[in-house]
Amino acid sequence: MVSVLKKSILLIFAFNILSIYLYFLPRCPLPAPEDPDDDRNELSSLKPWPSLPSYLPWPSNPSRDPESCESFFGNGFTRRVDFLRRGRDRGWFRCHHNAVLGSSVCEGGRVRMASGRIRMARGGERLEEVLGRKEEEELPVFEEGAFEVEGDGGVWFAGRKWGNGWKRWRVVGDEDLERFLPGNGVERHTMRELIGNLTVIAKGELQCDQWIDEPALLVTRYEYANLFHTVTDLYSSYAASRVAGLPYRPRLIFVDGHCSSPLEETWKAMFSSVTYAKNFTGAVCFRHAIFVPLGYETAIFKGLSRKILCQGASIKDQWRNPDDKRTTRLSEFGEMIRASFGIPVGDHQIERPLSAHNVLFIRREDYRAHPRHIGKLESRLINEQHLFDSLKIWASSYQGCKVNLVDGLFAHMPMKDQVKAIQDASVIISAHGAGLTHIISAMSDTVILEIIGSKFRRPHYALIAWWRGLEYHAMNLEGSYANPGEVIDKLRSIIENLGC
Ligand SMILES: *[C@@H]1O[C@H](CO)[C@@H](O)[C@H](O)[C@H]1NC(C)=O
Ligand SMILES: *[C@@H]1O[C@H](CO)[C@@H](O)[C@H](O)[C@H]1NC(C)=O
């Protein structure tokens, strides 16, 4: 009896040893099956990433300090949540969550969009055709089946009875939606609504009229005719591409119904192609779709209401002396904008004439920016033209080095020329206004002078200059009149400091 017990104890003991041993035995790796959803299989038609002097890799490092500048401006999307697991030859869906921004970059494979089930204007029309159209009509409303992902799993949609009842499973349930895609105080958070409405469809039931084989970004824009907001959307799209590790520049689809605007030039330059969701007829399926967070969730926008004290650093300093309280990301992005327009990047490639300085005066002009706009700007600098003329006279007779005063009539210039003028400027002067967002792609030694009327004391451009590490000066006015003599004194001291 005793020996039987002993024997079985020994046997159990031996068995445990054996299984522990087997557990630690080095496993031989299985040969990697060829992944049919691998992005690299579908490259040929996409633009490559340009080489950017300030580029740093975007690794996802979950142990990074969440308050570091990299978490705000770079890859802080370090918490990965798999909602539908990736598998051979089937759909998948996951999100990368950024705790400090309260935002997620989500992506999925075998995603179907039925644009007929998105209620919104067609988008991309000429402005004159849609004057007076309301903003609500341009923002998407998702009906059942607007977006689906092939896969199995998901959350039983226990709310109101939906569609074919038993077949409808949501990919992300309410709790996870709240946790990973919070509303962030945005009145109609369309990306949260899109992902909240995403349903699972069984393998074999995915019916597509058309496939997009290359990775595609899905973006909803809000204030699409304003350069500041557009730059937040562009930045979010760029960051999402890097977080998703896309080997080439993706295609981009606007999931909104805004009319076309001159700012689209930058979207087209930066990405491999740009289309409006409603331009697709029937159901289009994406082999790899990336859902871009709203521009309101970028550090560029969040910095307006909370302190993000990340001073811009040069890439050389960050290599030599890495500092997680500084950032190179906005410089990298500014170079991305320049490179997208085919303008050379890299300080050594750009030759500014010696002994001459371009002083760019960005002008604010009246023009109709969007369907709800009457075409008149609020005046922020009532004597802008007079100030410009005074500076012109001063510049032409300045003793020292040559000063070219450049008339930045940006509303009438192609985007590429605007970016080029920014790059060529030693000094940029402007009243507070969205045009100043361009300083994101200025050279690192450019000096900014912002003239701020009493009603417009807001930090947008002081912050961008700080995050870029640019020298920045503000002239705060009593009202909206700037004394030309004072501006000239300020400019003179800036130019004297620059030397010739
Ligand atoms: C689905 O979309 C509608 C309209 O866009 C929205 O009102 C609703 O909140 C969304 N549902 C979820 C769960 O997000
Ligand atoms: C919209 O669709 C039409 C017809 O399918 C196509 O010819 C056109 O290039 C598309 N436009 C855009 C901006 O994608």
- Query: Within a radius of less than 6.0 Å around CD of Glu128, do more than 12 heavy atoms belonging to other residues, nucleotides or ligands occur?
  - Reply: yes
- Any Ile337 side-chain heavy atom under 4.5 Å of Val419 side chain: yes
- Query: Would Tyr472 and Trp466 count as a close aromatic pair, with their ring centres under 6.0 Å?
  - Reply: no
- Leu436/Ile428 under side-chain contact (heavy atoms from CB on, under 4.5 Å): CA gap, chis, key distance, verdict: CA-CA 9 Å; Leu436 262 179; Ile428 297 172; 4.2 Å; yes
- Can Arg221 be said to sit on top of Phe254's aromatic six-ring, NZ or CZ under 6.0 Å from centre and within 45° of the ring axis? yes
- Item | Candidates Tyr238, Tyr248, Trp58 - the one meeting ring pair (Phe, Tyr, Trp, His ring centres under 6.0 Å) with Trp49 | Tyr238
- Query: Around atom CH2 of Trp211, are there more than 12 heavy atoms of other residues, nucleotides or ligands at under 6.0 Å?
  - Reply: yes
- Message: Rounded to the nearest 0.5 Å, what separates atom CG in Asp323 from atom CD in Gln311?
- Response: 9.5 Å
- Task: Evaluate the criterion side-chain contact (heavy atoms from CB on, under 4.5 Å) for residue pair His370 and Ser261; output intermediate values, then yes/no.
- Result: CA-CA 8 Å; His370 59 77; Ser261 103; over 6 Å; no
- Message: To the closest 0.5 Å, what do you measure between CD (Glu193) and CG (Leu139)?
- Response: 9.0 Å
- Residue pair Glu137 / Met120, side-chain heavy-atom distance below 4.5 Å: no
- May I ask you to check if Arg110 and Trp92 form a cation-pi contact, with NZ or CZ under 6.0 angstrom from the six-membered ring centre and within 45° of the axis? no
- Query: Could you walk me through whether Val219 and Val255 pass the side-chain contact (heavy atoms from CB on, under 4.5 Å) check?
  - Reply: CA-CA 6 Å; Val219 183; Val255 185; over 6 Å; no
- Stepwise salt bridge (Lys or Arg N to Asp or Glu O under 4.0 Å) test for Lys268 and Glu265: CA-CA 5 Å; Lys268 288 179 182 150; Glu265 289 167 35; over 6 Å; no
- Heavy-atom side-chain proximity of Leu127 to Arg133 below 4.5 angstrom: no
- Message: Counting C-beta onward and ignoring hydrogens, is there a side-chain heavy-atom pair between Cys285 and Leu206 closer than 4.5 Å?
- Response: yes
- NE2 (His258) and CG (Asp256) are apart, to the nearest 0.5 Å, by 4.0 Å
- Within-4.5 Å side-chain heavy-atom neighbours: Leu198 and Arg170: no
- Arg326 and Gln318: side chain donor to acceptor below 3.5 Å: no
- Please list, chain by chain and in numerical order, all residues satisfying side chain to side chain donor-acceptor pair (under 3.5 Å) with Arg372, sequence neighbours excluded. Glu138
- Quick one: do Lys134 and Glu136 satisfy salt bridge (Lys or Arg N to Asp or Glu O under 4.0 Å)? Show the steps, please. CA-CA 5 Å; Lys134 295 199 187 71; Glu136 297 100 88; 5.7 Å; no
- Message: Quick check for you: to the nearest 0.5 Å, what is the distance between Arg329 atom CZ and Tyr55 atom OH?
- Response: 7.0 Å
- Query: Out of curiosity, Arg251 CZ to Ser273 OG, how far, rounded to the nearest 0.5 Å?
  - Reply: 4.0 Å
- Query: Just checking, any donor-acceptor pair under 3.5 angstrom between side chains of Tyr296 and Glu223?
  - Reply: yes
- Would you call the rings of Phe301 and Phe228 parallel, tilted or perpendicular if under 30° counts as parallel and over 60° as perpendicular? tilted
- Can Glu214 and Ser45 be counted as having a side-chain donor-acceptor contact under 3.5 angstrom? yes
- Item | Heavy-atom closest pair, residues Gly102 and Pro182 | O-CG, 3.4 Å
- Task: Would you please test Arg179 and Asp176 for salt bridge (Lys or Arg N to Asp or Glu O under 4.0 Å) and show each step?
- Result: CA-CA 5 Å; Arg179 193 175 318 151; Asp176 283 339; 3.5 Å; yes
- Task: State whether the number of non-hydrogen atoms from other residues, nucleotides or ligands found under 6.0 Å of Lys203 atom NZ is greater than 12.
- Result: yes
- Message: Applying side-chain contact (heavy atoms from CB on, under 4.5 Å) to Val284 and Asp209, what does each step give before you reach the verdict?
- Response: CA-CA 6 Å; Val284 48; Asp209 298 310; over 6 Å; no
- Message: When you compare the side chain of Arg112 with that of Phe147, does any pair of heavy atoms fall below 4.5 Å?
- Response: no
- Query: Are the side chains of Phe291 and Met191 in touch, meaning some heavy atoms are under 4.5 Å apart?
  - Reply: yes
- Message: With a 4.5 Å cut-off on side-chain heavy atoms, are Tyr461 and Leu463 touching?
- Response: no
- For residues 75-149, pull every pair meeting disulfide bond (SG atoms under 2.5 Å apart), keeping only residues two or more places apart or in separate chains. Cys95-Cys106
- Task: Anything under 30° is parallel, anything over 60° is perpendicular, the rest tilted; go ahead and classify His460 against His432.
- Result: perpendicular
- Message: Please report the interatomic distance CD1(Ile362) to CG(Asp407), rounded to the nearest 0.5 Å.
- Response: 11.5 Å
- Do you know which two heavy atoms are closest between Pro459 and Leu304, and how far apart they sit? CG-CD2, 4.1 Å
